[in-house]
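Here is the naming used below: chain letters follow the sequence lines, and residue numbers restart at 1 for every chain. Heavy atoms only: backbone and side chains are in, while hydrogens, waters and symmetry mates are out.
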Amino acid sequence: MAAVQWRSSGRSYDAELQRCRPEFAPVEFGDYHPLKAITVTDSKTRRGARKGSTSSSCSSSSSSVPPDPLSSLMDGTDPLSMFAAAETPAITHSVSAGDLGRKKREKEEEAVGADFEPWSLRRGEILARFTTTEKLSINLFMGSDRGKDPSPGSSAVSEKVRTRLEELDDLEEGSQRELLNLSQQDYANRIEELNQSLKEAWSSDQKVKALKIVIQCSKLLSDTSVIQFYPSKFVLITDILDTFGRLVFDRIWTMCSDPRTLPESFTVDDVNDTAKETCLNWFFKIASIRELLPRLYVEAAILKCNRFLNKSGIQETLPRLTAMIRGIGDPLVAAYARAYLCRVGIEVAPQLKDSLNRNFFDLLGSLRQISSESVQNQLVLQRVEVPEYLTLYSPAINWILQCIAYRAPEPLLMEMMERCKKLGNNALLLNSVMRAFRAEFVAARATDFIGMIKDCDEAGFPKHLLFGSLGRSVACADPPEPERLTILNEAWKVVTKVRSPQDYINCAEIWVEFTCRHFTKREVNTVLADIIKHMTPDRAFEDAYPQLQSVIRKVLTYFHDFSVLFSMERFLPFLDMFQKDSVRVEVCRSIMEVFIKHQVEPTRDPVILNAMLHICKTMHDSVNALTLEDEKRSLSLLIIGFIRMVSFGRDFEQQLSFCVEARASFCNLEAVLVQLIHTVNTLAMETSSVMRGSHSRKTAAFVRACAAYSFITVPSLSSIFSRLSLYLLSGQVALANQCLSQADAFLKAAVSLLPEVPRSISVEGKLRSSESFLLDFINNFLSTLLVVPDHPEHGVLYLVRGLLNMVQDYTWEESGDAKVRVYISALPLLAAMSQETYLYSIPKVDSNETLYGGDPKFLSEINKLCETLIGQVLDHLKTLGRDESARRQAAMAFSLFGVLLAHGDLRNNKLSQLFVNLWNLSHKHGHCETRVSVRTLEFLKHQSQQADMSHLSEAVQRLALQTRT
Amino acid sequence: MSVTLDIRLKRANKVYHEGEVVAGVILLVCKEALQHHGISLSMEGLVNLQLSSKSVGVFEAFYNSVKPIQLISSNIEVAKAGKIPGGRTEIPFEFPLTTKGNKVLYETYHGVFVNIQYMLRCDMKRSLLAKDLSRSCEFIVHSQPQKAKVVRTPVSFTITPDTLQNSKERSTLPKFLVRGNLDATNCVISQPLTGEVVVENSDVPIKSIELQLVRVETCGCAEGYARDATEIQNIQIAEGDVCHGLPIPIYMVFPRLFICPTLETTNFKVEFEVNVVMMLHDDHLITENFPLKLCRV
């Protein structure tokens, strides 16, 4: 095909717009329109709340609105909860009776109420808190009770060998095992093993062996060697007892469930004789256990089984067991036995409060045992200090008091308090009272409590723990208004005197919350200052990061106004204590998160800015080569959030200099730099809008400074596509601000960057061809080029040519059409450039239309360029024809056909001939979609009826629609 | 060919009283039909007496073993020689629990020198080639409740070095004062022994306080009688140095089978006692003895 002659068709954009604009149809109020605001009336949640005049307008519009599609979907139950609902019965049908029993147990625990902190929560806490590095031993005598444990040292065999030998024995009757030198973890594992062997023994019907295991385990509880571990030991062993209790209960339960399962609230009459007899047997067996402690614990474990025997069994047993505990000499062992009894009691019969109280009073009675000779001797022997020993009691006493205090009437609590007072303000007790009683109750009497704490005996229980407990209560509930300051003063007086930094910070951390809650920044500042003073010597803060972090968290929860926050003199110095990098960043991050969440108004407060810059800089500086991509992203997001919140209002220069500073600070985080460029571009546009488009000399200089900022920032980005798009965007901004040379520079930079675009880029971790991104960018770029005036020193259409040259030289994918597609899409641009008035223009910028004024030479340049492009396209079409790629050929031909139709002047014969040929080519192999072809023909026919378009009708007649056979 | 023979009593707890009917089934489970030469069932109640070598000497113990006393005996033929079909066969039976003459059915008691036991025994005779099958099953007899009302008389006690009978060691003993009381010494078998003990003061820490339940069995024979006290069970009620002044409960459930109402017959006697045993840390053992009178109501 010979070279074609290009003539662009002349366009009158205004007329076309007039023709095409659809009729404006205003939407009546009340008419349905998908984009109109929908007032969803959620009748489920707002039952009866909609009344009065406010709702009238609402309801009138909502009546016509169909229900929110999302909420209508959610009508009824959503599929997930339906699933869950359907699953529960299915499960209960299939589970064994054992599980049934467990379920019931859980249900009963619920009966206590959700506000009752269950044992399972305490369990982990105790295990974590009471640990030891000392070696432990387990002594198990399966079988008869005879014999004393042989003294470990007397054996000639080394301990290790003996342990091994003993491991060979299993839990056979009469065998004896003594495990020595166990670490804490080993110990826990052993106990768990025993738990397993208990279950095994049970399931293999060796009930006697099971009972023996349980007895031996509970016997371990009378051993108070390695006393620091006792609370944890208690937890581990009571787990076994719980298992046992459950097994026995479930077994008897299944015995009664023979024809039909026993109802939840069964009575004695529902239980058959065999089950009763079995149950009675258990009780007789347990009643004959020789030692006190196992007898007590095992009976408590199966307390629930009393329900099978008689109505009042539990009611009678609980006080009896309570009294039995008096026989335990060691006060610690007794306290924990009471805790277990209370735990079982409140689980099985929460309504029986009396024995709880009884337990507590007995406990009070036995507290003087602590100072007895045998206990003191033991402490000396184990080298345990009294304060540490006393804290061992806390879990047990706390639990007992919690059980008592749960939904207890006020007078009862008062009575308890009085009793504590009578006992000479026993600190241990006082501590537990403050922990266990309702926070409101304690807070209301905070002043009394402070008095009581002061009267306490200094030697035993450390006071800072007492104040810690008090602090916890007053932080949750508000003490009376006038007393608050005195409370804080009194408490802090003691707290600040605590010597050990660890103890100090544990206590101070708690009181920070109270201070933040009720006082202003002045007091909080004082507190922070005090903490700094205590934690700085000897770098004590290094061991207290979690607590210090928690202090920051608490301050942030109550202070959302950052100008107040940062005006606390000691806040930033406080942050300086976080010197371990990871912690430091984490703290900064939490501050930023709060900032982003709560800072609504943009700010220019220098205090905030300085502080935040400092914090952001810290976060930024933590980034290194090893930082994960996700980490970087989240840090960037936080910093960007801050940058967005900075606004100097009309003081644009200040804003720019802030951006300069920020760029210097955050150069390692690409996303932040991108944001900064966007900010600066916005700044330029804002300036322009303030000046209403016409810059003064000063603002023009400022805008150029903005452009310069972008220009030097963009190259530092590594992602090529963000560089390209930012060049383009900044170029557009520069153009809009009449900075022609800057715009030129941006666009030129973009063009010269094109060859560097790699063939494939990684998108979300996957390697993908960059072609589609590049095409998008080029099209975008082309549309901008329309308004860019030619540079006087360069030739006509310098940038367009430059771009096309780059496109030509770029190493496109071998078998792709991308290059040709760019050529095809350049045609509309060229056609648009040859119009007398351009489709769009930038105010105050003369585009080529004005510069050249429709100069024929300019037009012929354009036409020549077009012809070259079309020639290239046609060549490509030819090569496609050779290959087996008819489909691609058809598509390309059709798109060129479309361009010709839209932009070419078809009055020209040659062009019109090409037009027809392209149609035929695209339909040659039947790869064209018929629907599109039909629509195109229809459009052509419609067009040909317009004025000046008669020439089209001739062409239309030559276009044959291929019929598919 | 396996066959199992079992006796199942109707009552789950197997407890019967005089005048009642011991009812149950003989349970036969076999895979195929079974030929037998007759099944019989017998009921027997016996008192076995044994002389301890300790109290009467080895020879007497060997020669003078006392003849068992039969309390009740009866025998019935359950099935004549024949065939039992395969599968599960239940043959119900009933025995009236009545004595002949003026014999009394003593309560079941498992002791050391005196044993009172009631047995059911089922025998199945079979052909020469197969072994005879036999199965026995103990059932428990509780004696008739006592008519007279039990008057519970509390007993209180005080233990100090001065109250002890062993006067030799009195001087070496540390000082202590323990008070206590038992709610009753004439106890009802089905109810626990209760009371309180208070350690008022003690110079030496206490190691343990225990309740020791003791049976005293007396067997009469031609040459006289033998009386032996042995421990039934030992229950710890206090462990370690208990809080002074705080009452510690005394509570002991009487075990089944090993206990019966205090029994006194012409040939033998069964009595019970409880010891409150206090161990001190210097291994002194202090015991206070209380004879009990048990009964059933």
Side-chain angles (χ1 to χ4, degrees), chain A residues 145 219 221-224 255 271-281 283-296 299 316-317 319-334 337 361-378, chain B residues 8-15 140 180 189-199 201-213 231-259 276-281 283:
Chain A
D145 299 328
K219 235 194 241 175
L221 281 174
S222 63
D223 173 19
T224 52
M255 286 175 87
V271 183
N272 61 37
D273 284 347
T274 331
K276 267 186 194 158
E277 188 59 23
T278 315
C279 191
L280 208 58
N281 253 329
F283 280 111
F284 269 111
K285 236 175 242 169
I286 290 165
S288 65
I289 296 174
R290 196 190 122 95
E291 276 103 337
L292 172 64
L293 207 62
R295 193 166 66 241
L296 181 75
E299 183 162 4
E316 286 158 11
T317 310
R320 180 166 58 77
L321 292 179
T322 305
M324 233 165 110
I325 297 178
R326 292 178 175 183
I328 301 174
D330 190 306
L332 187 68
V333 177
F361 297 148
D362 275 359
L363 178 79
L364 295 186
S366 68
L367 276 181
R368 61 190 141 102
Q369 286 279 94
I370 292 173
S371 50
S372 79
E373 208 175 313
S374 49
V375 173
Q376 295 299 329
N377 288 342
Q378 200 184 7
Chain B
R8 297 266 167 92
L9 288 172
K10 242 183 198 164
R11 287 189 190 164
N13 58 5
K14 300 181 182 175
V15 173
I140 294 153
I189 272 186
S190 56
Q191 283 164 14
L193 173 77
T194 54
E196 268 181 1
V197 58
V198 187
V199 180
N201 58 60
S202 165
D203 283 358
V204 172
I206 288 165
K207 202 175 185 181
S208 172
I209 301 177
E210 285 161 17
L211 296 177
Q212 192 181 31
L213 184 62
E231 178 185 301
I232 303 176
Q233 70 175 13
N234 197 342
I235 296 276
Q236 189 186 36
I237 57 166
E239 184 190 14
D241 190 15
V242 290
C243 196
H244 292 182
L246 203 65
I248 296 161
I250 290 175
Y251 182 90
M252 179 162 68
V253 177
F254 292 115
R256 296 185 292 188
L257 297 178
F258 305 111
I259 277 268
V276 175
V277 184
M278 194 164 81
M279 261 194 284
L280 299 183
H281 246 283
D283 283 338

4.5 Å side-chain heavy-atom contact, [X] and [Y]:
X: B:R256; Y: A:F284; answer: yes
X: A:R320; Y: B:P249; answer: no
X: A:I289; Y: B:Q233; answer: no

Main-chain N/O of B:L246 paired with A:R326 side-chain donor or acceptor, under 3.5 Å: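 Answer holds: no.
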Taking B:Q236 for the side chain and A:L292 for the main chain, is one N or O donor matched with an acceptor at less than 3.5 Å?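 It does hold such a pair.
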Using non-hydrogen atoms and a 4.5 Å limit, figure out which bit of B:P247 sits close to chain A: side chain, backbone, both or neither.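 For B:P247, the contact with chain A is made by backbone and side chain together.
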What part of B:H281 is in contact with chain A, defined as an atom under 4.5 angstrom from a non-hydrogen atom: side chain, backbone, both or neither?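 Neither part.
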Least distance between heavy atoms, A:E277 atom then B:A12 atom: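 The pair with the smallest heavy-atom distance is CG-O, 3.9 Å.
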Picking from [options], which has the most non-hydrogen pairs under 4.5 angstrom with chain A?
options: B:P205, B:C243, B:G240; answer: B:C243
options: B:I248, B:L213, B:V199; answer: B:I248
options: B:V197, B:I209, B:N13, B:V253; answer: B:N13
options: B:L211, B:I206, B:I235; answer: B:I235

Which bit of A:L296 comes within less than 4.5 Å of chain B, counting heavy atoms only: side chain, backbone, both or neither?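 Neither part.
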Give, for atom [atom1] of [X] and atom [atom2] of [Y], the distance between the pair rounded to the nearest 0.5 Å.
X: A:N377; Y: B:D241; atom1: CG; atom2: CG; answer: 10.5 Å
X: B:I250; Y: A:M324; atom1: CD1; atom2: CE; answer: 13.0 Å
X: A:S288; Y: B:F258; atom1: OG; atom2: CZ; answer: 9.0 Å

Among all residues two or more places apart in sequence or in another chain, which pass the salt bridge (Lys or Arg N to Asp or Glu O under 4.0 Å) test with B:E210?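 With neighbours one apart ignored, the set is A:R290.
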Take A:D273 and B:R11 through the test side chain to side chain contact (heavy atoms under 4.5 Å, CB included) and record every step on the way to the result. CA-CA 8 Å; A:D273 284 347; B:R11 287 189 190 164; over 6 Å; no
Within 6.0 Å of NZ in A:K285, more than 12 heavy atoms from elsewhere: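 Yes - once you tally the heavy atoms of other residues, nucleotides and ligands closer than 6.0 Å, there are more than 12.
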